[in-house]
Amino acid sequence: MHSALSSEIDDACYYIAQNYAEDVSLEDIARYAHLSPTYFSKKFKKETGSAFIKYLISVRIQKACRLLLISDDSITDIAVKCGFSSANYLKDVFYREFNLSPRAYHNHHKQ
């Protein structure tokens, strides 16, 4: 995934990849990595170049993009499968990231 990650951060990235659809918190991941939340947060950003929550959202949005292209699931179902708290939150993230709604992204990339 990233070059030269410490074992704690590499493990955390793996955990996120496996559990992105769950309600994952900074505290959960820090505990998993056997680090304090504050230290984990600083170490994660230093090693990955991304804040924990931005990294988590990035993983979730990548999964949502994939589902939008390969399935005909509803936006609500995709939001839930990818760990977003609601379809509206997924839509907000999509607008910020792509300046498109999830449905518009689906329609544009399916053509």
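All values reported here derive from a predicted model rather than from experimental measurement. By convention here, the first residue in the shown sequence is residue 1.
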K.L.:
Establish whether L67 and Y95 are linked, either directly or via other cluster members, by ILVMFWY side-chain heavy-atom contacts under 4.5 Å.
P.N.:
no
K.L.:
Which heavy atom in A104 sits nearest to a heavy atom in S101, and how many Å separate them?
P.N.:
N-OG, 3.0 Å
K.L.:
Go through the side-chain N and O atoms of D28 and S25 and say whether any donor and acceptor fall under 3.5 Å apart.
P.N.:
yes
K.L.:
Could you check L26 against I53 for side-chain contact (heavy atoms from CB on, under 4.5 Å), going step by step and ending with a plain yes or no?
P.N.:
CA-CA 8 Å; L26 174 69; I53 194 64; over 6 Å; no
K.L.:
Roughly how far apart are H34 NE2 and E8 CD, rounded to 0.5 Å?
P.N.:
9.0 Å
K.L.:
Look at the side-chain heavy atoms of Ile, Leu, Val, Met, Phe, Trp and Tyr, link any pair under 4.5 Å apart, and say whether V80 and Y20 land in one connected group.
P.N.:
no
K.L.:
With a 4.5 Å heavy-atom cut-off, do I61 and F84 have their side chains touching?
P.N.:
yes
K.L.:
What I'd like to find out is whether the side chain of P37 reaches to under 4.5 Å of the side chain of E27, using heavy atoms alone.
P.N.:
yes
K.L.:
Could you measure the distance from the CZ atom of F94 to the CZ atom of R103? Nearest 0.5 Å is fine.
P.N.:
10.5 Å
K.L.:
For residues R60 and L90, determine if any side-chain heavy atom of one lies less than 4.5 Å from a side-chain heavy atom of the other.
P.N.:
no
K.L.:
State the OG1-NZ distance between T76 and K91, to the nearest 0.5 angstrom.
P.N.:
6.5 Å
K.L.:
Could you check whether the rings of Y105 and F98 sit parallel, tilted or perpendicular, using 30° and 60° as the cut-offs?
P.N.:
tilted
K.L.:
Report the distance from atom OH of Y14 to atom OG of S7, rounding to the nearest 0.5 Å.
P.N.:
15.0 Å
K.L.:
Fit a plane to each ring of Y55 and F44, take the angle between them on a 0 to 90° scale, and name the class: parallel (under 30°), tilted (30 to 60°) or perpendicular (over 60°).
P.N.:
perpendicular
K.L.:
Do you know which two heavy atoms are closest between S86 and A79, and how far apart they sit?
P.N.:
O-CB, 3.7 Å
K.L.:
Just wondering, do P102 and H106 contact through their side chains at under 4.5 Å, heavy atoms?
P.N.:
no
K.L.:
Rounded at 0.5 Å granularity, tell me how far CG in L56 sits from CD1 in I29.
P.N.:
7.5 Å
K.L.:
Does any non-hydrogen side-chain atom of K43 lie less than 4.5 Å from one of E47?
P.N.:
yes
K.L.:
Quick one: pull up CZ in F52 and CD1 in I57 and give me the separation to the nearest 0.5 Å.
P.N.:
9.5 Å
K.L.:
I want to check something: taking the side chain as every heavy atom from C-beta on, are I75 and L68 in contact at a cut-off of under 4.5 Å?
P.N.:
yes
